[in-house]
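To start, the structure itself, in structure tokens.
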Protein chains: 2
Amino acid sequence: MRAQHSLLSAIERDLRSAHQPPLGWYDVLWELDRAPDGRLRPYEIEERTLLAQYNLSRLIDRLEKEGLVMRESFDQDGRGRWVVITEKGRAARAGMWEVYAKSIQAHIGAKLDDAEAATLAELLSRLA
Amino acid sequence: MRAQHSLLSAIERDLRSAHQPPLGWYDVLWELDRAPDGRLRPYEIEERTLLAQYNLSRLIDRLEKEGLVMRESFDQDGRGRWVVITEKGRAARAGMWEVYAKSIQAHIGAKLDDAEAATLAELLSRLA
DNA sequence: CGGATTTATATGCATATGCATCTATTAACC
DNA sequence: GGTTAATAGATGCATATGCATATAAATCCG
């Protein structure tokens, strides 16, 4: 808990001081950016990111308001929606990555070697 | 991030379904419970728990409202305060621990052996 | 078929968080 | 000794979160 708290604060601080949006935005944009046609259903994003349904719904509101994604209707199922990343959204993700990658390196990469990172990832994956 | 997110949700869920307060309360009550005379200055709690100053201030409000802690003045420095745990607070902490301990065992203890847990703790401590 | 259930997403309301700033007090400096 | 800076803690305001529930469409089942 402490490690993630201090890592997350450090990374959020780095993003903020580079005038980038919060980290949660990255996860959604990243999933969309690498999805076929840059589009996913909300429930697919939910599965991939672990965001709670009601939080994701409102995060999509914010992304949409900034023009980073668009909602489109999903014809095969009237309940469903598409969330589609825009060009502006792809650019925003790339801009965030510039900062995020350096932040990961500074706060994690510099403190663990590859073998240690692999061990850590394996142990954590058993808890997730 | 994912491991802590899913652990924290699971533990919060366990606490809630046992009608216990959120986990954040535990950390503060625990620090107070084991401090000499059951009292600490807010900034000391802050250092020990990693809570942000403004969040701690309001968490203390909530604990005080429930009668689990009391604020007292600190004579050596007019800016300072004592936060003192009450008997009700000690009992509340003990009650939370009943649930929390089982939850830790179920979600972590059951998935890692002692050596793995020690490795994990060591690696995480390097990131905190 | 038609009512009951389930699934996908959104939202109202209460609470928690973050940021910036405020007040009060003490320490630092020249 | 008086101004300036630093420290301890609290708070107003905007935003985010959690919970419960709403809405709407699809599926199930007798």
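Numbers restart at 1 for each chain; the letters A, B, ... are given by sequence-line order, proteins then strands.
More than 12 heavy-atom neighbours from other residues, nucleotides or ligands sit within 6.0 angstrom of CG on A:Asp113.
Each of A:Arg79 and B:Trp82 lies near DNA chain D, and the nucleotide nearest B:Trp82 is the one positioned closer to the 5' end. Mapping A:Gln76 and A:Gln53 onto DNA chain D by nearest heavy atom places A:Gln53 at the nucleotide closer to the 5' end. If A:Arg71 and B:Arg58 are placed on DNA chain C by their nearest nucleotide, the residue sitting closer to the 5' end is A:Arg71.
When the C1' atom of C:dT17 is taken as reference, atom CG of B:Leu8 falls 14 Å away, rounded to whole Å. Residue B:Leu59 contributes atom CG, which lies 15 Å from atom P of C:dT15 at whole-angstrom precision. Put simply, CZ on B:Phe74 is 18 Å from C1' on D:dA10, counting in whole angstrom units. Regarding B:Glu46, its CD atom lies at a distance of 9 Å from the P atom of D:dA8, rounded to whole Å. Computed from coordinates, the B:Asp75 CG to D:dA8 P distance equals 17 Å when rounded to whole Å. The CG-P distance, from A:Asp61 to C:dA10, rounds to 7 Å in whole Å. Distance B:Leu50 CG to C:dG18 P: 12 Å, rounded to the nearest Å. Counting to the nearest Å, the P atom of C:dT17 and the CD1 atom of B:Ile60 are 13 Å from each other.
A close approach under 4.0 Å does occur between a side-chain nitrogen or oxygen of B:Tyr54 and OP1 or OP2 of C:dC19. Phosphate proximity of C:dT15 to B:Arg62: absent, as no side-chain N or O sits under 4.0 Å from OP1 or OP2. Contact annotation: A:Asn55 side-chain N/O to D:dA16 OP1/OP2 distance is not under 4.0 Å.
Listed candidates were D:dA8, C:dT9, D:dA10. Nearest to the side chain of B:Tyr43 is D:dA8. Proximity note for A:Ala52 (side chain, C-beta onward) versus D:dG18, D:dA10, C:dA10: the nearest is D:dG18.
Residues A:Arg81 and A:Arg41 come closest through the heavy atom pair O-CD, 3.1 Å. Of all non-hydrogen atoms in A:Ala92 and A:Leu29, the two that sit nearest each other are CB-CD1, 4.5 Å. Summarising the geometry of B:His107 relative to A:Leu127, their closest heavy-atom pair is O-CD2, 3.8 Å, with the distance given to 0.1 Å.
Under the 3.5 Å distance criterion, the side-chain polar atoms of B:Glu12 are matched with a main-chain donor or acceptor of B:Leu23. Checked by atom type and distance alone, the side chain of A:Ser9 pairs as donor or acceptor with a backbone atom of A:His5 at under 3.5 Å. Remark: side-chain polar atoms of A:Thr49 are paired, donor with acceptor, to backbone N or O of A:Leu51 under 3.5 angstrom.
A heavy atom closer than 4.0 Å to some atom of DNA chain D occurs in B:Arg16, these being the qualifying members of residues 11-23 of chain B.
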